[in-house]
Amino acid sequence: MNNNNYLEVIRKDFLVESESAFRFGSIKDGGYFVSPRNIIEADILFSGGISSNTEFEYDVFRFNKNISIVMVDPTVSQAKLLLKAIMRISFFKKEKLRYLINTLVFILMLRSGRAWHVKKWLSLKNGIFDCMKEISNDFKTKKILLKLDIEGSEYDLLDEILININLFDCMVFEFHDLDTKYLILQEFLNKCSVNFDMIHLEVNPSGGFSKFGQPKVIEFTLERRV
């Protein structure tokens, strides 16, 4: 892959845009394009990385009344989110209402009995299914919608994902550090392309750009081919 133009190569080799995909979650960072059928048919949403934005998780929660949601992020808690919202309101920070709503939504989902919060870092030693087992061992026959937005640690989980690829029907990613790790992403996409299509691809400009003007961070959705 040409490191001067890897975005175009990824787009040419893997992107198969779908008119059936809609954006769930935030309009900006924190929202992802997924075909509604993949949300309706999913049994579990595994969401790695939520920070203070639970809009994607809440949209999925509302759209599929039977789905179970596992949110993994050690940096947040009900108390931390509530304190953050109060501080933004007290000091007249931007998006204070959004922070408060996200906090209330997080608490609502946890109290529903359909959502759980695992306070752990996802890593080679603590993978997706290690976190799932804290909630239930009954996931081998489930359809899993996977979302990973974990600031570069996604590379640690690629082997685990490929080994268990049959359990995922849809996967949503934010990939970082492409200026140095694009070949790893290319290999992963090549292996996924046997059964999955990339139905959406976009640049996250907040991640910056390489000296060749290529984005360091992209977001994309892989959906199992029907």
Side-chain angles (χ1 to χ4, degrees), residues 21-27 29-86 88-89 95-123 126-150 153-154 157 160-161 164-174 221 223-224:
F22 290 87
R23 192 177 189 93
F24 291 84
S26 309
I27 295 174
D29 193 21
Y32 304 93
F33 279 85
V34 181
S35 296
R37 69 171 178 83
N38 279 294
I39 293 179
I40 292 171
E41 294 175 1
D43 299 306
I44 299 170
L45 165 61
F46 183 95
S47 181
I50 55 173
S51 185
S52 56
N53 187 338
T54 55
E55 293 174 39
F56 176 75
E57 290 74 16
Y58 188 52
D59 275 356
V60 172
F61 177 84
R62 291 185 298 166
F63 201 76
N64 182 340
K65 303 297 184 182
N66 298 309
I67 198 167
S68 298
I69 299 178
V70 181
M71 297 177 284
V72 182
D73 193 323
T75 69
V76 299
S77 67
Q78 295 184 48
K80 285 181 180 179
L81 287 174
L82 189 57
L83 179 60
K84 194 172 184 178
I86 293 171
R88 294 189 78 87
I89 292 170
E95 298 188 327
K96 50 186 175 290
L97 183 59
R98 180 183 175 190
Y99 273 83
L100 179 59
I101 291 173
N102 271 286
T103 300
L104 297 176
V105 162
F106 181 71
I107 294 170
L108 171 68
M109 287 192 292
L110 291 180
R111 292 185 177 181
S112 72
R114 290 200 286 128
W116 294 266
H117 178 211
V118 179
K119 298 178 183 178
K120 288 190 173 182
W121 294 105
L122 284 162
S123 65
N126 190 57
I128 295 167
F129 294 98
D130 292 316
C131 293
M132 294 268 279
K133 287 175 183 176
E134 292 204 7
I135 309 303
S136 172
N137 285 316
D138 182 27
F139 54 80
K140 292 295 184 181
T141 59
K142 304 295 185 181
K143 291 185 177 182
I144 301 172
L145 167 59
L146 175 67
K147 186 213 85 174
L148 289 182
D149 181 358
I150 49 178
S153 295
E154 60 273 9
L157 305 178
E160 181 184 18
I161 291 170
N164 297 282
I165 197 72
N166 62 305
L167 296 180
F168 303 110
D169 271 18
C170 181
M171 301 184 288
V172 180
F173 297 99
E174 183 175 275
T221 302
E223 291 187 345
R224 185 175 293 279

If you round to the nearest 0.5 Å, how far is NZ of Lys143 from CG of Asn166?
-> 12.5 Å
Which value, rounded to the nearest 0.5 Å, describes the distance between Met171 atom CE and Asp169 atom CG?
-> 9.5 Å
Derivation and outcome, side chain to side chain contact (heavy atoms under 4.5 Å, CB included), residues Leu45 and Glu57 | CA-CA 8 Å; Leu45 165 61; Glu57 290 74 16; 4.1 Å; yes
Would you say the side-chain atoms of Asn53 and Ser26 include a donor-acceptor pair closer than 3.5 Å?
-> yes
Which value, rounded to the nearest 0.5 Å, describes the distance between Ile128 atom CD1 and Ile144 atom CD1?
-> 8.5 Å
d(Ile150 CD1, Ser47 OG) to nearest 0.5 Å is 10.0 Å
Applying side chain to side chain contact (heavy atoms under 4.5 Å, CB included), run through Leu122 and Leu157 and close with a yes or a no.
-> CA-CA 8 Å; Leu122 284 162; Leu157 305 178; 4.0 Å; yes
Is there a side-chain contact between Trp121 and Val72, using heavy atoms and a 4.5 Å cut-off?
-> no
Parallel, tilted or perpendicular: which fits the ring planes of Phe106 and His117, with parallel below 30° and perpendicular above 60°?
-> perpendicular
Indicate yes or no for a side-chain donor-acceptor contact from Arg23 to the backbone of Gly31 under 3.5 Å, with no hydrogens or angles considered.
-> yes
Does any N or O in the side chain of Asn64 come within less than 3.5 Å of the main-chain N or O of Ile67, such that one atom is a donor and the other an acceptor?
-> yes
Determine whether Val118 and Met132 make a side-chain contact, defined as any pair of heavy atoms from C-beta on separated by less than 4.5 Å.
-> no
Which atom names give the shortest non-hydrogen contact between Met109 and Ala115, and what distance separates them?
-> O-CB, 3.3 Å
Do Asp59 and Tyr32 pass the side chain to side chain contact (heavy atoms under 4.5 Å, CB included) test, and can you show the C-alpha distance, the side-chain angles, and the key distance before you say yes or no?
-> CA-CA 11 Å; Asp59 275 356; Tyr32 304 93; over 6 Å; no
For the side chain of Asn38 and the backbone of Val34, is there at least one donor-acceptor N/O pair under 3.5 Å apart?
-> no
Under a 4.5 Å cut-off applied to non-hydrogen side-chain atoms, are Ile44 and Leu145 in contact?
-> no
Does Phe61 offer a backbone N or O that forms a donor-acceptor pair with the side chain of Arg114 under 3.5 Å?
-> yes
Below 6.0 angstrom between ring centroids: does that apply to Phe63 and Phe24?
-> yes
Asp149 side chain vs Gly49 backbone, donor-acceptor pair below 3.5 Å | no
Residues Tyr58 and Asn102: side-chain donor-acceptor under 3.5 angstrom | no
Nearest 0.5 Å, what's the OG1-CG distance between Thr54 and Leu104?
-> 9.5 Å
Between Phe168 and Arg224, is there a cation-pi geometry (under 6.0 Å to ring centre, at most 45° from the normal)?
-> no
List the atom of Phe33, the atom of Thr221, and the distance in Å for their closest heavy-atom pair.
-> O-OG1, 2.6 Å
Pairing of Glu134 and Lys120 as salt bridge, 4.0 angstrom limit | yes
Rounded distance (nearest 0.5 Å) linking atom CG of Asn126 with atom SG of Cys131 | 4.0 Å
Please assess Val60 against Arg62 for the test side chain to side chain contact (heavy atoms under 4.5 Å, CB included), listing each intermediate value before the final yes or no.
-> CA-CA 5 Å; Val60 172; Arg62 291 185 298 166; over 6 Å; no
Is there side-chain contact between Lys147 and Phe46, with at least one heavy-atom pair below 4.5 Å?
-> no
